[in-house]
Visitor: 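Input: one structure, supplied below.
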There are 2 protein chains.
Amino acid sequence: MGRKREFDVDQALEAALCVFWRKGYEGASYTDLTQAAGVERPALYSAFGNKEALFRQALARYYEHYLDYFPEALKQPTSREVVADILRASAELYTRYPDRKGCLGIHGALAGSDDAEPVRRALIDARAIGEASLCDRLERAKQEGDLPETANCADLAAFVMTVLHGMAVQARDGFSRETLEAVARQALSVWPSGRSTPSGASS
Amino acid sequence: MGRKREFDVDQALEAALCVFWRKGYEGASYTDLTQAAGVERPALYSAFGNKEALFRQALARYYEHYLDYFPEALKQPTSREVVADILRASAELYTRYPDRKGCLGIHGALAGSDDAEPVRRALIDARAIGEASLCDRLERAKQEGDLPETANCADLAAFVMTVLHGMAVQARDGFSRETLEAVARQALSVWPSGRSTPSGASS
DNA sequence: TTAATTTCGTAATGGTTATTACGATAACGA
DNA sequence: TCGTTATCGTAATAACCATTACGAAATTAA
């Protein structure tokens, strides 16, 4: 019973997500969020909790609705295709929306006041999970002979994630999708392929 | 004439620089800055102007005192050594101070409220200048036969800067210098060298 | 229709923000 | 020693921040 909600919760969360994506956790004021959601302040609070809880739900939605290509790419048959997919899709996502370029996982909270530490940590953890899943996939590739035995999968995964994070910064700086794709190609051009050519591996 | 200053201006600027490095432009409150500098609020204002002016001076100092290796690296004889120097020195700088890992040029202001837009732009411009100077150096390398004629210097410079920016993020995430150096090696392993082996160039 | 329950919008709360007014203090030239 | 000038620290200002008290409105069960 009781009065029924007059706004769409999912739609409000998406609006908040976009604001956080653009301004980051601390840069987004509750006024920004309520205006974007078209909802009064207490309504947002009752639906999502406080600002940090709202951000965490927005982050979860981001991973589900925007970063879904990442776990999908891990299913590619070869490690090279996995990485190529991830790089290409990221270049596209980071430049897709002119009003919020880059990546919420990066721009959400890189630096900030001490109050934002929990949120910063949440983002770090999320990034670490992504990197670990990539690392696991590369380990599998090594077992399958898709990567040379000398390959250091942790370092390779760190390299790919580094390029991803850098691309998010460059996207925010105004770089075009084409330029980011050129960066991705360059990053991929040294990818070690198969046991037959164990060249250029790290370590 | 008049009363003489009781604090060292350069020392106060350095203290402010460290706070901005750690918390970013908006994350650093004036209380943080004055406490770090050991100086009362009006003293900071009279010495540097408002918060934005203080940040800009801190940024200038950062480029002079911390990023001085960058223009220095451009003097290396080959493009490969140039890039290797930049990558290695950045990995070291980004992990040198445990209390402020990463790079002020990145963490200073990536995302934030609309008020911080001028500062964000200043950082973008600073990054663009660095990238342009690297691009120029690579063009020279191409003319000297140090890079294949098919090399796209703008894309290569963008790639190097992307890795740098990503390394700054990873450093803040807690990555060790060793891991960042492995990332740097991986990035360098695809570097095109000389006209004799025009492989792996972009475009 | 009445009672119970939930959401609604208005408007307030307490804390923090960047920025200064102001009187006291100190240094220098005359 | 006096007057000028610059810096000092205290304490105030006005705007914004996240969060919520509260009463009106609306929905359902009885």
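Just so it is clear: chains get the letters A, B, ... in the order the sequence lines come, proteins before strands, and each one is counted from 1.
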Visitor: Which residue pairs pass the salt bridge (charged side-chain N to carboxylate O under 4.0 Å, His left out) test with at least one member in residues 73-86 of chain A, sequence neighbours excluded?
Guide: A:Glu72-A:Lys75, A:Asp85-A:Arg88
Visitor: side-chain hydrogen bond (donor to acceptor under 3.5 Å, both in side chains): which pairs involve residues 106-117 of chain B, sequence neighbours left out?
Guide: A:Lys23-B:Asp114, B:Glu26-B:Ser113
Visitor: Mind jotting down which residue pairs meet the salt bridge (charged side-chain N to carboxylate O under 4.0 Å, His left out) criterion with at least one end in residues 43-54 of chain A? Sequence neighbours excluded, please.
Guide: A:Glu52-A:Arg56
Visitor: At under 4.0 Å between heavy atoms, which parts of nucleotides 23-30 of chain D does protein reach? Answer with one letter per nucleotide, 5' to 3': B base, S sugar-phosphate only, - none.
Guide: --BBBS--
Visitor: Could you list by number each residue of residues 42-50 of chain B showing a heavy-atom separation from DNA chain C of less than 4.0 Å, or answer none if no residue does?
Guide: B:Pro42, B:Tyr45, B:Asn50
Visitor: Please list all pairs meeting ring pair (Phe, Tyr, Trp, His ring centres under 6.0 Å) that have one or both residues in residues 25-60 of chain A, counting only residues at least two apart or in different chains.
Guide: A:Phe20-A:Phe55, A:Tyr25-A:Phe55, A:Tyr30-A:Tyr45
Visitor: Going by salt bridge (charged side-chain N to carboxylate O under 4.0 Å, His left out), name the residues that satisfy it together with A:Arg177, two or more places apart in sequence or in a different chain.
Guide: A:Glu181
Visitor: According to the salt bridge (charged side-chain N to carboxylate O under 4.0 Å, His left out) rule, which pairs have a member within residues 37-50 of chain B, sequence neighbours left out?
Guide: none
Visitor: Report all side-chain donor-acceptor pairs from residues 161-175 of chain B shorter than 3.5 Å, counting only partners two or more places apart or in another chain.
Guide:
residue: B:Thr162; atom: OG1; partner: A:Gln170; partner atom: NE2; Å: 3.2
residue: B:Thr162; atom: OG1; partner: B:Ala158; partner atom: O; Å: 2.6
residue: B:His165; atom: ND1; partner: B:Met161; partner atom: O; Å: 3.3
residue: B:Gln170; atom: NE2; partner: A:Ala158; partner atom: O; Å: 3.4
residue: B:Gln170; atom: NE2; partner: A:Thr162; partner atom: OG1; Å: 3.2
residue: B:Arg172; atom: NE; partner: B:Lys101; partner atom: O; Å: 2.9
residue: B:Arg172; atom: NH1; partner: B:Arg22; partner atom: O; Å: 3.1
residue: B:Arg172; atom: NH2; partner: B:Trp21; partner atom: O; Å: 2.8
residue: B:Arg172; atom: NH2; partner: B:Lys101; partner atom: O; Å: 3.0
residue: B:Asp173; atom: OD1; partner: A:Arg127; partner atom: NH2; Å: 2.7
residue: B:Asp173; atom: OD2; partner: A:Arg127; partner atom: NE; Å: 2.8
residue: B:Asp173; atom: OD2; partner: A:Arg127; partner atom: NH2; Å: 3.4

Visitor: Whether the side chain of A:Arg41 and the base of D:dT20 hold a donor-acceptor pair under 3.5 Å is what I'd like checked.
Guide: no
Visitor: Among all residues two or more places apart in sequence or in another chain, which pass the side chain to side chain donor-acceptor pair (under 3.5 Å) test with A:Glu92?
Guide: A:Arg96
Visitor: Is it true that the side chains of B:Ser79 and B:Asp146 contain a donor and an acceptor less than 3.5 Å apart?
Guide: yes
Visitor: Can you name the salt bridge (charged side-chain N to carboxylate O under 4.0 Å, His left out) partners of B:Glu6, sequence neighbours left out?
Guide: B:Arg3
Visitor: Go through residues 16-30 of chain A and report each residue with a non-hydrogen atom lying under 4.0 Å from DNA chain D, sorted by number.
Guide: A:Ala28, A:Ser29, A:Tyr30
